[in-house]
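A note on names: the letters A, B, ... follow the listed sequences, proteins ahead of strands, and every chain is numbered from 1. Because the structure is predicted, anything quoted here is derived from the model rather than measured.
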Amino acid sequence: MAKEITSREENYSQWYLDIVKKAGLADNSPVRGCMVIKPYGYAIWEKMRDQLDKMFKDTGHVNAYFPLFIPKSFLSKEAEHVEGFAKECAVVTHSRLMADPNGNGLIVDPEAKLEEELIVRPTSETIIWNTYRDWIKSYRDLPLLINQWANVVRWEMRTRPFLRTTEFLWQEGHTAHSTSEEAQMEAAMIHEVYARFAEDFMAMPVIKGAKTANERFAGALETYTIEALMQDGKALQAGTSHFLGQNFAKAFDVTFLSDKNQVEHVWATSWGVSTRLIGGLIMTHSDDEGLVLPPKLAPTQVVIVPIPKPDPEIMSVADKIADQLKERGISVLIDKDDKNRPGFKFAEYEMKGIPVRIGLGKRDIENNQCEVARRDTKEKMPFGLDNIGEQISVLLDDIQENLFARAKSYRAEHTSEASNMAEFVDILDNKGGFVVAHWDGTTETELKIKEETKATIRCIALDALEEEGTCIYSGKKSTKKVIFARAY
RNA sequence: CGGGGCGUAGCGCAGUCCGGUUAGCGUACCUGGUUUGGGACCAGGGGGUCGCAGGUUCGAAUCCUGCCGCCCCGACCA
């Protein structure tokens, strides 16, 4: 494995690509815009998935699976939805290949053209709502709380590993309710679940807010978002939860008989997070030495490195340490490699972001101790071997908290207020980060600001104060400040 | 799709301007030895349709024509 990664200061974007590659998270693939997620990257996704899945189930949801392909006609049933996704759909037109009569390998068999073309799902609202029509007859069938773990395809023009790929993995929740209020509560509740996951597990602070009409999901009445700030001062939309009103119910004619024997359309939500979270995780915590992972999502939390190399005496002590850690549910790897020297291994494990490294040599064993190094601060300290399990457990909690605190203080330092356009542009160009400013509430102003500064309204924070002010662009009246940033 | 850049060993590159033995370097990989508390050293070894297809030439990684692909910046987006 290569030794050097580009520093963040030199080229942030290259730094990111280097981390993805050299920490062994993903490789490019022969297919444009698609990546191979390698075992280590996938292990992180599995940790995220398992935790989120638990949170969804704890809030009453169940998993199901719907088809990858969607009949083309479905997509056009909800007008805004089709407008939002039509430009980035992969389309299946034929079902068969044949040998080229001219001898140039394989060609599409023109005889095998499909009656109705199929869309590879960019999201599953349409096929799911088409199915819900048959599942929902009575208010007693509601609420219907379903989640699916799946891959989706959006034909993006520019891609970056994890942050934006043509195919990506995600979960999408699709719920149906008998009242508007209940659906809105569901969307808000999931929004809260996402925020808790981001902060408590990813150690990534997020702002909870609502999207403006312009930035809303195609077909939604309200889109809630969690917005995170990356180390280069750009914002990342990390998860969204949508209140869809009755749009999809009407488009797919999904009705139920209420307890008052009235036919009504159901109310809907949908919500999702994707492998993009891994990109957010990387850009929130990692440094010029490599990946930094929060202990709660690290596939391996502790690695034990025998020094200078494995031998029976050291390995037997290492096994005992590992047993004590495993008793506490800590995932631990004992390095059994006898080829590389310790210094090489230290650098490798730092590159992979393993939160805690234990160095164990004869000298340590004589003193009944080991050398413990934490990835987040790179500090090293001796730990006694007695009650090592408890000490490491406390340390892992401390690392988790420290990463969150560090990210929060970065965000605080990179959140500014602007009272006019000059200040606004100055902050964006020279400092980056979130810029809090008054906005007149019109899409027109929002688009002008985007055009002139490349900054978008990330969200209207849920906890934004009502206050009189004037829009930084138009000078018109504003009732609250909103959060702007340049974003991924 | 616009503007830049690049295709030579797994990865990173030199060689191309000005054609000429067997295509080279670093790293990674394999073998042996000495090493080992922060990215070791020595010796030996394997690995290449020089992006593809034509053309010019006694001779092409190098010159000409066409094509393909990738990366970066922008518009679009989770």
May I have the distance from A:Asn340 (atom CG) to B:C41 (atom C1'), rounded to whole angstrom?
14 Å
Does any N or O in the side chain of A:Trp439 come within less than 3.5 Å of the main-chain N or O of A:Thr442, such that one atom is a donor and the other an acceptor?
yes
Over all strands shown, is A:Glu156 touching base, sugar-phosphate only, or nothing at heavy-atom distances under 4.0 angstrom?
base
Write down the distance between CD (A:Glu172) and P (B:A78), rounded to a whole number of angstrom.
14 Å
B:C17 to B:C64 separation - C1' atoms, rounded to the nearest Å:
15 Å
Applying the 3.5 Å cut-off to both distances, the Watson-Crick or G-U partner of B:G47 turns out to be none
Could you tell me the separation between the CZ atom of A:Phe346 and the P atom of B:G38, rounded to a whole number of Å?
7 Å
Indicate whether the side chain of A:Glu227 and that of A:Thr225 have a donor and an acceptor atom separated by less than 3.5 Å.
yes
Base-pairing assignment for B:A23 (Watson-Crick or G-U wobble, both under 3.5 Å)
none
Which whole number of Å gives the distance between the P atom of B:U22 and that of B:C67?
34 Å
For a quick check, tell me whether the side chain of A:Lys380 and the base of B:G38 share a donor-acceptor pair closer than 3.5 Å.
yes
When you compare B:G55 with B:A14, how far apart are their C1' atoms, in angstrom units rounded to a whole number?
28 Å
Once you apply the 3.5 Å cut-off to both distances, tell me the Watson-Crick or G-U wobble partner of B:G32, or none.
B:C42
From CG of A:Leu360 across to P of B:G37 the rounded distance in Å is 15 Å
Mind checking who B:A78 pairs with, Watson-Crick or G-U wobble, both distances under 3.5 Å?
none
Should the pair A:Tyr410 and A:His414 be assigned to parallel (<30°), tilted (30 to 60°) or perpendicular (>60°) ring geometry?
parallel
Which whole-number value in Å describes the distance from A:Lys450 NZ to B:A75 P?
8 Å
Say we look at B:U31 and B:G46: how far apart would their C1' atoms be, to the nearest angstrom?
11 Å
Please report the distance separating the P of B:G47 from the corresponding atom of B:G4, rounded so that it comes out in whole Å.
42 Å
Using the P atom as the point on both nucleotides, what is the distance between B:C13 and B:U35, in whole Å?
37 Å
Applying a 3.5 Å limit to both distances, which nucleotide forms a Watson-Crick or G-U wobble pair with B:G69?
B:C6
Phosphate OP1/OP2 of B:C29 contacted by A:Lys339 side-chain N/O (<4.0 Å)
yes
Side-chain H-bond candidate by donor/acceptor type, A:Tyr16 with A:Asp232, under 3.5 Å
no
Out of B:A78, B:G38, B:U35, whichever nucleotide has its closest atom nearest the side chain of A:Arg341
B:U35
In Watson-Crick or G-U wobble terms, both distances under 3.5 Å, what is the partner of B:G54?
B:C64
Under a 3.5 Å limit on both distances, the Watson-Crick or wobble mate of B:C17 is none
Rounded distance (Å) that lies between atom C1' of B:C6 and atom CD of A:Gln14:
14 Å
Assess A:Lys352 against A:Tyr40: is NZ or CZ under 6.0 Å from the centre of the six-membered ring, and within 45 degrees of the ring's axis?
yes
Heavy-atom donor-acceptor pair, A:Glu350 side-chain to B:G38 base, under 3.5 Å
yes
Regarding B:G37, can its base be found pairing with the side chain of A:Asp364 as donor and acceptor, where the two atoms are less than 3.5 Å apart?
yes
Would you mind reading off the distance between A:Lys22 atom NZ and B:U27 atom C1', rounded to a whole angstrom?
11 Å
Does any N or O in the side chain of A:Gln171 come within less than 3.5 Å of the main-chain N or O of A:Val273, such that one atom is a donor and the other an acceptor?
yes
Can you check the distance between B:A60 and B:C71, where both ends of the measurement are the P atom (answer in whole Å)?
33 Å
A:Asp337 has an atom CG; how far is it from atom P of B:G39, in whole Å?
16 Å
Nucleotide paired to B:G37 in any strand shown, Watson-Crick or G-U, under 3.5 Å:
none
Report the relative orientation of the aromatic rings in A:Trp271 and A:Phe56; use parallel for angles under 30°, tilted for 30 to 60°, perpendicular for over 60°.
tilted
